[in-house]
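For reference, the structure is listed below as structure tokens.
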Amino acid sequence: MNFQTILLQLSTGLLKTIELFILTLVLSLPLGLFVSFGRMSRLSLLRSISKIYISIMRGTPLMLQLIVIYFMPSHLFGIQISNAWRFPAVVLAFTLNYAAYFAEIYRAGIESMPVGQYEAAKVLGYSRVQTFIRIIFPQVVKRILPPVTNEMITLVKDTSLAMVISVVEMFTIAKQISAHETSIMPLMIAGVFYYIFNLLVANVMEQAEKKMHYFE
Amino acid sequence: MYLLELNQINKSFEELSVIKDISLKVKEGEVVSIIGPSGSGKSTLLRCATFLEDIDAGEIIYLGEKATKENQTTLHKNFGIVFQDFNLFPHFSVLQNVIDSLIHVEKISKKEAIERGLSLLEQFGLLDKKDVYPYQLSGGQKQRVSIARALALQPAILFFDEPTSALDPELTSEVLKVIKQLAFDRMTMIIVTHEMNFAKEVSDRIIFMEHGIIQEEGSPEDIFKSKNQRMKDFISL
């Protein structure tokens with residue numbers, strides 16, 4: 001197999017990787033916010049549930065979570081697992097896992113806000129929802145961008161775990177070609193692809209941070 | 001009618017009783033200063049009157065309407081607060097800080113809000129700062145913005161919680177000047193302060209608090225001629 005064919009095949013895999021990355025972010029960032037609300041709730045039941053959720057998601061291997069979610073329909077409901085379930089299962093597992101990490105990042109950001117901001121908003125008549133949306137959240141976003149970037153970069157690399165339930169993303173393809181050609185080269189190329197992907201992610205996030213520099 | 005009536009307010013934190021049976025009535029146009037040593041309960045009293053702390057017992061009445069859990073949001077419209085450490089919104093420009101609640105809470109048209117905001121900034125000499133962000137301001141400017149922000153909602157009473165305690169003497173005088181002008185314009189104000197001379201100059205009435213109770217109350221002349229030894233010691237500091 002020549003170099004170009006390898007690149008071409010890896011690129012198709014890369015598209016799947018990007019799709020997984022974007023879907024996970026789009027779903028887990030909002031979900032994480034709601035989990036963090038639960039984690040900070042006044043209702044102790046909600047707080048406990050969120051805490052246990054976060055604890056399990058962070059305390060067990062993502063690879064295991066992938067396998068469990070993939071086989072869940074068959075174990076719980078006896079449904080025959082189809083090929084079409086593979087990708088949604090990966091997206092679901094990644095979303096649930098990353099939401100737990102994002103929840104803790106949101107919580108750190110929200111709890112770091114001075115109480116004076118809430119008091120000023122209250123006196124000016126903002127409702128609780130308005131206070132959060134207009135006053136608190138924009139400041140939280142600025143504070144949590146660096147740890148969120150960390151998670152995003154980890155996510156790019158974690159997408160390779162999709163391989164364990166045979167979702168054909170870049171790493172799966174790299175490994176197949178590598179085995180077929182008995183060469184480590186395809187894996188190295190995949191590594192370069194991941195690296196470039198992450199350079200891009202870091203760059204975009206740096207721009208986002210710069211955009212938030214207008215206030216302190 | 002009184003703008004504000006506090007009747008036998010009590011407030012404890014855990015076992016510590018901070019406010020003991022305090023009553024206070026404020027008329028329209030009156031400037032009342034609350035002085036006293038740290039820990040005397042003066043800031044807590046202000047925070048109770050403005051619903052930032054729940055009271056354990058007593059009544060808070062704004063313009064004849066007794067505060068309950070339900071009507072606090074409505075009664076909020078009667079007062080504004082200027083905080084010791086400003087509590088400006090850092091992600092809003094100076095003008096946005098002043099007008100955001102007008103637009104999003106009062107639902108006043110943006111055009112009208114901007115007009116009102118700009119005229120307030122002009123009044124406080126901040127017009128050239130309208131587009132900058134709070135971190136670019138001096139402490140005195142920040143405090144003037146926060147006064148403008150509180151006044152934008154046209155409250156009947158303005159509370160000040162040690163408005164100059166975070167400022168150096170030069171910036172302090174700049175803020176006090178603004179408050180004096182408001183007093184001159186007959187704005188009803190309740191001011192918790194450590195600035196004795198300022199309190200003497202600006203107030204119609206001074207309240208000296210210690211250990212959660214009002215020890216002395218009267219016109220600045222009365223207070224500064226008081227025979228109360230504790231009061232004399234405190235003022236002469």
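In what follows, chains carry the letters A, B, and so on, assigned in the order in which the sequence lines appear, proteins first and then strands, with residues in each chain numbered from 1. Quantities reported herein were computed from a predicted structural model and do not represent experimental measurements.
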Quick one: donor-acceptor pairs under 3.5 angstrom, chain B versus chain A?
{"residue": "B/Arg47", "atom": "NH1", "partner": "A/Glu119", "partner atom": "OE1", "Å": "3.0"}
{"residue": "B/Arg47", "atom": "NH1", "partner": "A/Glu119", "partner atom": "OE2", "Å": "3.2"}
{"residue": "B/Arg47", "atom": "NH2", "partner": "A/Glu119", "partner atom": "OE2", "Å": "2.6"}
{"residue": "B/Phe51", "atom": "O", "partner": "A/Lys122", "partner atom": "NZ", "Å": "2.6"}
{"residue": "B/Asn87", "atom": "ND2", "partner": "A/Gly116", "partner atom": "O", "Å": "3.4"}
{"residue": "B/Leu88", "atom": "O", "partner": "A/Gln117", "partner atom": "NE2", "Å": "2.8"}
{"residue": "B/His91", "atom": "NE2", "partner": "A/Arg134", "partner atom": "O", "Å": "2.7"}
{"residue": "B/Asp100", "atom": "OD1", "partner": "A/Arg134", "partner atom": "NE", "Å": "3.3"}
{"residue": "B/Asp100", "atom": "OD1", "partner": "A/Arg134", "partner atom": "NH2", "Å": "2.6"}
{"residue": "B/Asp100", "atom": "OD2", "partner": "A/Tyr126", "partner atom": "OH", "Å": "2.6"}
{"residue": "B/Asp100", "atom": "OD2", "partner": "A/Arg134", "partner atom": "NE", "Å": "2.9"}
{"residue": "B/Ser101", "atom": "N", "partner": "A/Tyr126", "partner atom": "OH", "Å": "3.2"}
{"residue": "B/His104", "atom": "O", "partner": "A/Gln130", "partner atom": "NE2", "Å": "2.7"}
{"residue": "B/His104", "atom": "ND1", "partner": "A/Arg134", "partner atom": "NE", "Å": "3.3"}
{"residue": "B/His104", "atom": "NE2", "partner": "A/Arg134", "partner atom": "NH1", "Å": "3.3"}

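Within the 4.5 Å cutoff, the side chain of B/Ile55 has no heavy atoms near those of the B/Asn10 side chain. Looking at B/Val82 and B/Val175, their side chains never come closer than 4.5 Å, going by heavy atoms from C-beta outward. Looking at A/Phe193 and A/Leu7, their side chains come closer than 4.5 Å, going by heavy atoms from C-beta outward. Side-chain contact between B/Ile207 and B/Lys42: absent, with no pair of heavy atoms (C-beta onward) separated by less than 4.5 Å. Between A/Leu124 and B/Val105 the shortest side-chain heavy-atom distance does not fall below 4.5 Å. Side-chain atoms of A/Leu33 and A/Phe137, non-hydrogen and from C-beta on, do get closer than 4.5 Å to each other.
The contact between B/Ile81 and chain A is made by backbone and side chain atoms together, counting heavy-atom distances below 4.5 Å. For chain A, the nearby part of B/Phe83 is the side chain; its heavy atoms alone come within less than 4.5 Å. Only the backbone of B/Leu88 comes within less than 4.5 Å of a heavy atom in chain A; its side chain stays farther off. Heavy atoms closer than 4.5 Å to chain A are found in both the backbone and the side chain of B/Phe51.
Applying the 6.0 Å contact sphere to CZ of A/Phe34 captures no more than 12 heavy atoms from other residues, nucleotides or ligands.
When atom types are taken as modelled, the side chain of B/Asn7 and the backbone of B/Glu59 share no donor-acceptor pair closer than 3.5 angstrom.
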